[in-house]
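Below is one structure; the comments refer to it alone.
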Amino acid sequence: MKDDTTTAEPSGAVRRTTRDLTKAAVSGWLGTAMEFMDFQLYSLAAAIVFNKIFFPDVSPAIGLIAAMATYGVGYVARLAGAVYFGRMGDRLGRKKVLTITILLMGASTTLIGVLPTYASIGILAPVLLVVLRLAQGFGAGAEIAGATVMLAEYAPTRRRGLIASLVSLGTNSGTLAASGVWAVLLAFLSEEQLLAWGWRVPFLLSFGLMLFAVWLRRNLRESPVFEERPDVVDGVALTRHEVESALTEGTGGDAGLLEAGMRQRKGRAFFLALALRFGQAGNSGLVQTFLVGYIAANLSTGRSVPTDAIVYGSLLGFLTVPAVGMLGDRFGRRTVYVALTVLTVALAFPVMLLITSGSTPALMLGMVLALNIGVLGLFSLESVTMAELFGARTRFTQLALAKEIGGVLATAVGPVLAASLTAATGSWWPIAAMLVVYSLITLVGALLSPETRGRDLVRLEDAV
C-alpha cells in the first residue's frame, strides 16, 4: 500500500503517514472496543445473573437494583481516573496514558471472572466485586477520552468526523462482542450451568484481547497535534508558570498562540460538552443496560431476546456510526446533532410501545431503533464534536471529565432510577420519559454550541 503522507492540521508542522493513521485508528477502535466489551459484559451480567450470584438473600427487584448500583460504582471511579490520567495525557502525551488505562481495565475484568460467589465467602464476594469495579472504572475513566483525542488529532480535517467516529465504532464492536458472547451462553447453557460457571467465561476471554491491545499501543506514535503544540517542549507540556515566563521573554511566532491559550475564559465549552454527552450517556444506560434486565424480568419473552436485539442493533451500527460521521463532515456537527435528538424525542414513546407490545419482532425493532438513533448515532457525533470544542492544552482532561461526569449523572444513575420508577409505577412510561429528558438536554447543548467542523486542533484555547 502506498505510504501516503497525511497531516493532522493544515499547518503541517508535524506529519504522519497513512500507516501511522491506520495504526492510530485500529488502536483507538480496539481499545474502546475493549472498554465497552468489559463494561457491557458487566452490565449484562448485572442484569441477568449477578443479582442471584452476589445478592441472593433479597427479593428479585431489590437484587436487580443492587446489581445496577454496583454497576454504577464503576462510573464514580471513572471520575477519579478522568482527572488523574487526563492531566497526565495533557502533560506527557496521549500514548503513555492509553497504554496504562488498557492494562488496568483488562486486568480488572479478568479478575472478575475468578471471583468467588456469595455462596462461597458471603458478604466479601460483593465487596470484592465493588473493588474490581473501582479499579476497572479508574482505568476506563480516560480510555475513551484518550482514544477520542488521539483519533481526532490524527485525522485530516475534512475527514475528521468519519475517522473520529471509529471510536464510536469501537464501542459498538465491544457491545456486539459482549452481547454475542452472552447470547451464546444463554442459548446453550442451562440456568444451573450459567450460575455455576458459565458467567465467568466472558470475563476470562478478555485477557487475550488486552495483551494484543497493549502490544499495539506500545508501537503507536504520539499524536501529531500534541507534538505540534507551542507549549510542548521535548515531549512535555510547559506548566502555566513556564508558559508565562516564555511569554515574558518572547517566543517568536508562538507567542500569540500561547497568549490565547492562557487568557481564555474556561467553563462554557465544558458545560456545552457535558450537555452533548448527557443524551447519549443516559440513553445508553437505559437501552443497553436497564432495558435488558427489564425485558427479561417483566415481559413474556425468551431470556435471550433482549441480548439478541442488542446484537442486531450493534450490527446495524456498523453502518450508522460512519454514516453519521460523514454527515457531520458534510453538513456540520450542529445540524446533525439537532436532527438526531429531535428524532430520538419523537420516537421515545413509540419505541417503548413496540418493546412492550408482546410481539418479539416489534420488540427487536424498538430496541434496534433506540440503540442506533439515540445511542450510537449521538456517540458518533460526540466523538469529534467534544474534541473540537476544547483547546489542545486541556483537551484530554476536559473531554474526559465531561464524558465521565455525564456518565455518573446519566448512565450510572439512570438504570437505578429507572428500576425504582418502574417498580413504583408498575409501568414502562418512566423509561420513555427519561429518554425524552436526556435527549432534550443534548438538543439544548447542540443549539447553544458553535459549529466546530474544521477547527484547528493545535489552538490552545477552547472554541467558546
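All residue numbers refer to positions in the sequence shown, counting from 1. FYI, side chains are in, hydrogens and waters are out, and symmetry mates aren't considered; it's all heavy atoms of this structure.
Using a 4.5 Å heavy-atom threshold, the side chains of V321 and F379 count as separate. Annotation: side chain of D231 is in contact with side chain of R393 (closest heavy-atom distance under 4.5 Å). Considering only heavy atoms from C-beta on, L457 comes within 4.5 Å of R395 through its side chain. Using a 4.5 Å heavy-atom threshold, the side chains of L169 and S380 count as separate. Under the 4.5 Å side-chain criterion, counting only non-hydrogen atoms from C-beta, W428 is not in contact with T422. Looking at heavy atoms from C-beta onward, V97 lies in side-chain contact with F396 at the 4.5 angstrom threshold. Looking at V83 and T397, their side chains never come closer than 4.5 Å, going by heavy atoms from C-beta outward. A 4.5 Å side-chain heavy-atom check between P450 and L389 finds at least one atom pair inside the cut-off.
Side-chain contact check for Q136 and S108: no donor-acceptor pair (N or O, by modelled atom type) lies under 3.5 Å. Between the side chains of S168 and S383, at least one donor-acceptor pair of N or O atoms lies under 3.5 Å. No donor-acceptor contact under 3.5 angstrom links the side chains of Q398 and D90, judged on distance only.
Other residues, nucleotides and ligands contribute only 12 or fewer heavy atoms inside 6.0 Å of the CZ atom of F271. The number of heavy-atom neighbours closer than 6.0 Å to OH of Y84, taken from other residues, nucleotides and ligands shown, is 12 or below.
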With side chain to side chain donor-acceptor pair (under 3.5 Å) as the criterion, how do T344 and N283 come out once you've worked through the C-alpha distance, each side chain's angles and the decisive distance to 0.1 Å?
CA-CA 10 Å; T344 302; N283 294 346; 5.0 Å; no

Show your reasoning for whether side chain to side chain donor-acceptor pair (under 3.5 Å) applies to T442 and Q280.
CA-CA 8 Å; T442 290; Q280 186 279 327; over 6 Å; no

Test log, rule side chain to side chain donor-acceptor pair (under 3.5 Å), inputs W29 and S173:
CA-CA 8 Å; W29 164 76; S173 303; 2.8 Å; yes

For a salt bridge (charged side-chain N to carboxylate O under 4.0 Å, His left out) check, start with the C-alpha distance between E388 and R453, then their side-chain angles and the critical distance, and finish with the verdict.
CA-CA 8 Å; E388 291 172 330; R453 178 181 55 170; over 6 Å; no

Side chain to side chain donor-acceptor pair (under 3.5 Å) between N372 and T320, worked out
CA-CA 7 Å; N372 277 268; T320 301; 2.7 Å; yes

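Shortest non-hydrogen contact noted between A155 and R160 is CB-CA, 3.8 Å. Closest of all the heavy-atom pairs between I144 and T148 is O-OG1, 2.7 Å. When all heavy atoms of I310 and Q288 are compared, the pair lying nearest together is CD1-CA, 4.2 Å.
R277 places no side-chain N or O within donor-acceptor distance of the main-chain N or O of A402, the cut-off being under 3.5 Å. Between the side chain of E153 and the backbone N or O of P224 there is no donor-acceptor pair closer than 3.5 Å. Side-chain N or O atoms of R217 include one that pairs as donor or acceptor with a backbone N or O of S27 at under 3.5 Å. For the pair R78 (side chain) and A142 (backbone), a donor-acceptor distance under 3.5 Å is absent.
With ring centers used as reference points, F85 lies under 6.0 Å from F138.
A salt bridge is absent between R94 and E222: the closest approach of a Lys/Arg side-chain nitrogen to an acidic carboxylate oxygen does not fall below 4.0 angstrom.
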